[in-house]
Peer 1: 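Dumping the structure here so I can ask a few things about it.
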Amino acid sequence: MTRHIIEDAKRCIQCKTPLCSQGCPVRAPIKEAIALLLESKLLEAGKLLFENNPLSLVCGHVCTQENQCEGHCVMGKKGTPVFISAIEQYISDYYLNIYHPSPSRRTGGKTAIIGSGPAGITIAFLLAEKDYDVTIFEGYDQIGGILRYGIPDFRLPRSVVDRLTEKLIEKGVRVRPNTIVGVNLTIDDLFRDGYRAVFMGTGTWRPRKLGVRGESLGHVHFAVEYMKNPAVYRLGRSVLIIGGGNVAMDVARTAFRHGSREVTIVCRRGETSAREHDVQYAKIDGALFEFGKTPVEIVDQGVIFADTGEDRRAVPGTEKLYPADSVIIAAGQGPRSIIAASTKGLNLGESGLVAVDGYGHTSREGVFAGGDVVTGAKTVIEAVVASKRIAQAMDEYMSGKFA
């Protein structure tokens, strides 16, 4: 154990009312876990965190702790908060190494999970624990969704997702990779074959276009596609990234790690919408920023930008070419319509997102949905919070408790 983990754990004053847990969306039992750690009860500490949140190790890596647990720590009121994320990582990493789950007895009936991002993985663990016969249908060759194909390895090591995959399989969860529901199989097929409930956690993998001339040129790429496998791209020395969110920061830092030397993030507004922590890391890695610029046209030599006016439109007469070898568009993303197009009675809401109630029920009997396909792109911890609620609703539905 590294020294700072012990020292930080000892700094926890074990508040009677732990504000750190109140600041955590999933109400992680931080105080109790730290106490168990200091009592050399590491197994019990890990079990406590994992049972509350199967993605506790993931959240230790990617959560915005400065706004959540650490941001609410009383030690931070007049000084430095306890470094809760590092403590959570250590405990959860240890537990995931030694955790050998009891396989589901599969007595609760078949349930299908479409998509294996944060929401799908969480619900798979929770329903398998209740002895349901769980099958994950994943469109790619490995499970993980945004955890594997959207978050760079330097923020979330792939080994973490690999280990979660192994634990799911040990738990008795079946995985069908390279299977896109809505193409060869439909939700109707799943119900025909005995699945009692279906969960849709297919995420938001459709990139949002800019709608400007030049988006189809060969040196232009969408961020959501680039992040799936950046090693196959040849971006060249200079890269322009259009967009100012967290994805843009990840793309910039990834481009540097794959050989680019000049990376500029261009924002339409006068500031980024990204987490300040990620902005600072992008700057440390060497990213430059241009603010208040609207893309007018993409050309072979780069992008023509104009100043952004008060109406958020390009100001005529201010156009200027920004040279670049490659352009990456990070302007947001939405859900694909494959499943909705092949499923009768499934209502969609704004921007093609699946419409649900507070417990994940869709308009189609027996079909539940959650995660980004319902909310749009959100954080991992938000997906976990919703998934715990949805897993309970699915259990009640399949066990006949839900009227």
Peer 1: Would you mind checking if E215 and K209 are paired as a salt bridge, meaning a charged N to carboxylate O distance below 4.0 Å?
Peer 2: no
Peer 1: So how far is it from L38 CG to C12 SG, rounded to the nearest 0.5 Å?
Peer 2: 8.0 Å
Peer 1: Would D188 and R364 pass as an ion pair if we require N to O under 4.0 Å?
Peer 2: yes
Peer 1: Is the closest basic N to carboxylate O distance between D372 and K378 below 4.0 Å?
Peer 2: no
Peer 1: Flag the pair Y140 / W205 as yes when their ring centroid distance falls below 6.0 Å, and as no otherwise.
Peer 2: yes
Peer 1: Taking the six-membered ring of F289, is the NZ or CZ of K283 close enough (under 6.0 Å from the centre) and on axis enough (within 45°)?
Peer 2: yes
Peer 1: Would a distance-only check, ignoring hydrogens and angles, find a side-chain to backbone donor-acceptor pair under 3.5 Å from E319 to G317?
Peer 2: yes
Peer 1: Is the shortest distance from a Lys or Arg side-chain nitrogen in R257 or D285 to a carboxylate oxygen in the other one below 4.0 Å?
Peer 2: yes
Peer 1: State whether R105 and D133 are salt-bridged, where the test is any N-O pair (Lys NZ or Arg NE/NH1/NH2 against Asp/Glu carboxylate O) under 4.0 Å.
Peer 2: no
Peer 1: Any non-hydrogen side-chain atom of H258 less than 4.5 Å from a side-chain atom of L235?
Peer 2: no
Peer 1: With a 4.0 Å cut-off, would you call E51 and K47 a salt bridge?
Peer 2: yes
Peer 1: Take atom CD in E271; do more than 12 heavy atoms of anything else shown fall under 6.0 Å from it?
Peer 2: no
Peer 1: Under 3.5 Å, is there a donor-acceptor pair between the side chain of T64 and the main chain of E66?
Peer 2: no
Peer 1: Does K167 form a salt bridge (Lys or Arg N to Asp or Glu O under 4.0 Å) with E170? I'd like the steps, not just the answer.
Peer 2: CA-CA 5 Å; K167 299 308 176 184; E170 285 184 46; 3.6 Å; yes
Peer 1: Is it true that E138 and R176 make a salt bridge, defined as a side-chain N closer than 4.0 Å to a carboxylate O?
Peer 2: no
Peer 1: Set out, in order, the CA-CA distance, both residues' side-chain angles and the distance that settles side chain to side chain donor-acceptor pair (under 3.5 Å) for E365 and Y397, then state yes or no.
Peer 2: CA-CA 10 Å; E365 177 75 15; Y397 173 82; 3.0 Å; yes
Peer 1: Would you call D162-R148 a salt bridge at under 4.0 Å N-O?
Peer 2: yes
Peer 1: Do the side chains of R106 and D131 get close enough for a salt bridge, i.e. N-O under 4.0 angstrom?
Peer 2: no
Peer 1: Just checking Y359 against F368, ring centres under 6.0 Å apart?
Peer 2: no
Peer 1: Compare every heavy atom of P295 with every heavy atom of I242, then report the nearest pair and how far apart it is.
Peer 2: CG2-CG, 4.1 Å
Peer 1: Quick check: F191 with Y195 (ring centres under 6.0 Å apart)?
Peer 2: no
